[in-house]
Every structure is written in C-alpha cells, then in structure tokens.
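See structure below.
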Amino acid sequence: MKAYDGMYIDGAWRPAAGSGVIEVVDPADEQVIATVPAGTAEDVDAAVRAARAALPAWAATPPAERAARLAALRDQLHARRDEIAATVTAELGAPEKLAQTVHAGLPVAVAGSYAELAATYSFEERIGNSTVFHEPVGVVGAITPWNYPLHQIVAKAAPALAAGCTLVVKPAENTPLVARIFAECVHESGIPAGVFNLVTGLGPVAGQALADHPGVDLLSFTGSTAVGRRIGAIATGMVKRVALELGGKSANVVLPSADLARAVNVGVANVMSNSGQTCSAWTRMLVHRDRYEEAVELAASAAAKYGDRIGPLVSARQRDRVRGYIEKGVAEGARLAAGGPEAPRPQGWYVSPTVLADVTPDMTVAQEEIFGPVLCVLRYEDEEDALRIANGTVYGLAGAVWAGDEAEAVAFARRMDTGQVDINGGRFNPLAPFGGYKQSGVGRELGPHGLTEYLQTKSLQF
C-alpha cells in the first residue's frame, strides 16, 4: 500500500490542509492499495485562487501555443499508457484489455482532438458590422466520476484548456490515483502553474466546496441525476454556467427487419462493457413480439460468455445496489434468463452478467438506472409502441436502432428523444457531441460542441 500526499495546486504538490485520508480499494480482492488526502474547503479555496490568478495569462495565450501544450499533454498520456491502464485496473477493476484500449487509449485521442481544434477553431468572426469574439468562460470547477476516471477528466480539462480557461478538478474518491497521474502529465507538458489544479476529497466536502465557491465561473459535473440536480440548483442560485452529464436508460431498438443475432450480440456486449458501469449503455433491448423469445435466448447465451470476462463493480455499495435491482426486477415479475443476484465469486465485488426477460415498461428496472451488467429485454407490438417505450423514461442520453435498411433505422432514430443514437452498430466517434435530453443532462462534451461549453461570446460593433 502506498500513502500519497499533497494536492496539485499552483504547479506543485502542496501539503493538504487537513489530516484526513481516503482509502483506495482494489474491487477485485477488496484490499486497500493506497491512500490519498481528503481535501477540505481550505484546499479547494487555495486551488480556486491559484486558478483565478493564472486565468488572465492563460486566456491571453495565443491559441497556437495552447494547442502546443495540449499536444504535449497528449504525448505524455500516450507515453504513460501502460501505467495508466494498470492503475485503472487496480482502482476500478477494469479488465486489462479494456483498460488499455478505452481507459488509457480514449483520453489520448480526446486530448489530441482538442490540440488540433485549438489550432484551427475560429475564436472570432465578423457578422455584419460586428466582430464577435469567443472568449474563455473563466475558472472551471470539474467534478468527475469513477466509471471512466481518466476519460472524464480529459473530456472536461482538454476543451477547457483549449478555450483558455483554468480549472480545478475534484475526481471521484473511488478512483483518485489515475487523476494524480494526469496532474503529473499536465506538469510535464509545460502547462503554466495554476492553470490546472487537482484536489482529492469526498463529494460532500471538497465537491460541495467547489460547487459553492464564488470564484468558480462554470461547474462541469458528470454523475448521477440526483446529484446533478443539486449541482444545477447551486449554479442557478449563484448565476453560474453549468454543464451536466447525468444518467441514462438507453433503448436498443431492434426493428423487425434487422439482423437479430448481430443486434443482440452487439447489444449484450455494449451492456457488459466496463461491467455495465456506463451511463450510455443500451440497458433496455426492445424486440418485436414475433421474435422476442428468440432474442431472449440469444441474449442469455451471449451474456453467459461474459462470466469470466467482466471485472468487478467499483465498490461493495455499488454491488449491493445492482443486486438489489435484480431482486426487485424478479419480485415485480421479470424472468431471469441469465445470471442473478447471487455472488459469482467468494471475493471481490462481482455481479453475474444478467438478462431479465418479460420486463414491462412500468417496472423499476425499466425506468431506473441500474449501472451494472444487467440487460432488460422488453417486447413491443409495432413501431409506434417501440417508440413509446423507447421515449418512456425521464432519461435521454444514448440509444441504438437496428434495421435491414439504414434509412428505416435513421427515420426511427430521428424520433427518439435522446442525444446520441448508433445506427446498425455505428462506431463511437470522439468528435461527435455527447450529452443528453431530458434528465440526462445539460450541454455537450467532445469535439467542437464540447469546446463551446467553455466559451462565452462578446460582440463589438464598428
């Protein structure tokens, strides 16, 4: 076990204001692997003050120079990919291949995309007799989740830096170690002191202090809808900008003309990835009544293959929460087609890959985000019924549509109340805007749309 010390504030690791620590636990064997300081309001205040002091110079830095620093950051992340992957495996439980390709690989791509965008984006434009300037919003307070711990930091920090903002990041207490690696990469990339600051700590303490701080101009939060509502209320009360990426209950709609086997296999893989701890996972599979039982059998068979391939959930609390949802689903009338609530291993916070059949739209498991390796399969009568079910939750983050004809799938997807839809297994695009409708959030991440979240607009008339 390693005891880490200090917060990254104003370009250096400085001692924490308090003496509290947070234990970091490996979810695969339930052993403490490290401790980090538990930040206080005093630590947050020091970080925000450093960010405010660094803001004028960084905002005035030419975009080409900001792009160069982001490119150097991308290179630092790439050079430490193996260490990053191993760290995510240890603190999150992600299998090694997933840790390498997604948890370590995707942040490199996102950082690189913003290095290119910072160099090419038009930060000013002429409209009639006005020159319109797109300027940094100011100091950003970023509160990030544990499920994609490095990607979610980069998805906020990279566009903020590209825009000319400075920021303070409070990472999830379950997965703070990879955040420390990111701070080291920032330091080595030559980004000036105070531009990026890191405070580890608990949400109700450090996170609350960051949200409440009058020196923060924009709050960017990724996490549960319940916490997002509180963050939004704080931001509204203080007239701050806010960006929220929240929960999801995404529908995977398999139209009658689709290749059923492919749609089901890809759909199951999507749900099981990252042990189901993905806000955009297609956790509701909608299948026409005529092929419903065939789809359930295919899904159960596919899920069974993931028994030894998925990692544990991040914590005992999360494991118990997911198992509770499985039990509630069965109690409300769902049929266990695969898996179940029983612990599949004697040690570690594992949950069996589970398929719930005979799920109806009014069931709890069809309405609430489970955040584990649990797929709900629902039947529909016709396309209008499928659309009603797909749009019948408070969420609208992502989704998928499968059809024999691409135009048919696109026509259906256009009617879905959700922010991102994959057509016939379309691959993830890190430049496309990511974010939700309804209670899945406010604002967008990634690509040019992600950059605009960190800009404000000024016009000069002459």
Side-chain angles (χ1 to χ4, degrees), residues 2 4 7-8 22-28 32-39 73-74 76-78 80-111 141-160 167-186 196-203 206-207 210 220-224 227 245-247 273-281 310-315 317-318 349 371-372 430 434 445-446:
K2 185 170 182 178
Y4 291 92
M7 310 290 185
Y8 186 74
I22 297 171
E23 292 184 339
V24 183
V25 180
D26 184 336
V32 177
I33 57 174
T35 61
V36 298
L73 175 58
R74 173 204 59 205
Q76 287 291 325
L77 292 171
H78 184 268
R80 298 180 69 171
R81 279 184 63 173
D82 290 346
E83 180 187 1
I84 288 168
T87 301
V88 175
T89 294
E91 63 182 347
L92 178 64
E96 291 181 7
K97 183 178 179 180
L98 181 72
Q100 278 282 351
T101 58
V102 176
H103 289 285
L106 182 57
V108 174
V110 172
I143 302 174
T144 60
W146 46 259
N147 59 327
Y148 290 92
L150 182 58
H151 167 65
Q152 289 293 344
I153 291 175
V154 174
K156 299 179 189 303
L167 70 161
V168 178
V169 170
K170 203 296 285 184
E173 50 263 35
N174 304 81
T175 53
L177 303 183
V178 75
R180 293 180 65 92
I181 295 176
F182 180 77
E184 293 168 0
C185 290
V186 167
F196 174 86
N197 305 272
L198 177 74
V199 176
T200 55
L202 300 174
L210 187 57
S220 180
F221 170 79
T222 298
S224 72
V227 176
E245 199 269 278
L246 308 176
S273 180
N274 210 42
S275 304
Q277 299 170 128
T278 303
C279 54
S280 57
I310 65 172
L313 300 190
V314 72
S315 65
R317 178 183 178 183
Q318 183 65 15
W349 298 319
F371 226 60
F434 180 83
E445 293 184 330
L446 304 180

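All figures in this text were calculated on a predicted structure; none of them were measured in a lab.
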Any residue meeting ring-ring contact (aromatic ring centres under 6.0 Å, His included) with F196, in chain and number order, not counting sequence neighbours: F182

side-chain contact (heavy atoms from CB on, under 4.5 Å) between S280 and F434, intermediate numbers included: CA-CA 10 Å; S280 57; F434 180 83; 3.9 Å; yes

Inter- and intrachain pairs under side chain to side chain donor-acceptor pair (under 3.5 Å), touching residues 93-102, at least two apart: D82-Q100

Any L77 side-chain heavy atom under 4.5 Å of V154 side chain: yes

Contacts of Y8 that satisfy ring-ring contact (aromatic ring centres under 6.0 Å, His included) - sequence neighbours left out: W13, H187

Donor-acceptor pairs under 3.5 Å, side chain of residues 172-180 to any protein atom, not counting sequence neighbours: which ones?
from: E173; atom 1: OE1; to: K170; atom 2: NZ; distance (Å): 3.2
from: R180; atom 1: NH1; to: G6; atom 2: O; distance (Å): 3.0
from: R180; atom 1: NH2; to: D5; atom 2: O; distance (Å): 3.1

Pairs flagged by side chain to side chain donor-acceptor pair (under 3.5 Å) wherever residues 83-93 is involved - sequence neighbours left out: R80-E83

Any residue meeting ring-ring contact (aromatic ring centres under 6.0 Å, His included) with H103, in chain and number order, not counting sequence neighbours: Y148

Residue pairs, two or more places apart or on separate chains, that pass salt bridge (Lys or Arg N to Asp or Glu O under 4.0 Å) and touch residues 147-158: K156-E445

P27 side chain near L92 side chain, heavy-atom distance below 4.5 Å: no

Partner residues of V227 under the side-chain contact (heavy atoms from CB on, under 4.5 Å) criterion, sequence neighbours left out: F221, S224, R230, I231

H151 and V102, any side-chain heavy atoms less than 4.5 Å apart: no

Exam field: side chain T222 to backbone P145, donor-acceptor pair closer than 3.5 Å: no

Between NE2 on residue H78 and SG on residue C185, distance to nearest 0.5 Å: 12.0 Å

Residue pair L98, V88: steps toward the side-chain contact (heavy atoms from CB on, under 4.5 Å) verdict: CA-CA 10 Å; L98 181 72; V88 175; over 6 Å; no

Nearest atoms (heavy-atom pairs only) where A94 meets N274: CB-OD1, 4.5 Å

Spacing of I22 atom CD1 and Y4 atom OH [to the nearest 0.5 Å]: 14.0 Å

Test item: D26 side-chain N/O and I33 main-chain N/O as donor-acceptor pair under 3.5 Å: no

Polar side-chain atom of T200 near backbone of P37 as donor-acceptor pair, under 3.5 Å: yes

Backbone N/O of F371 and side chain of Q318: donor-acceptor pair under 3.5 Å: yes

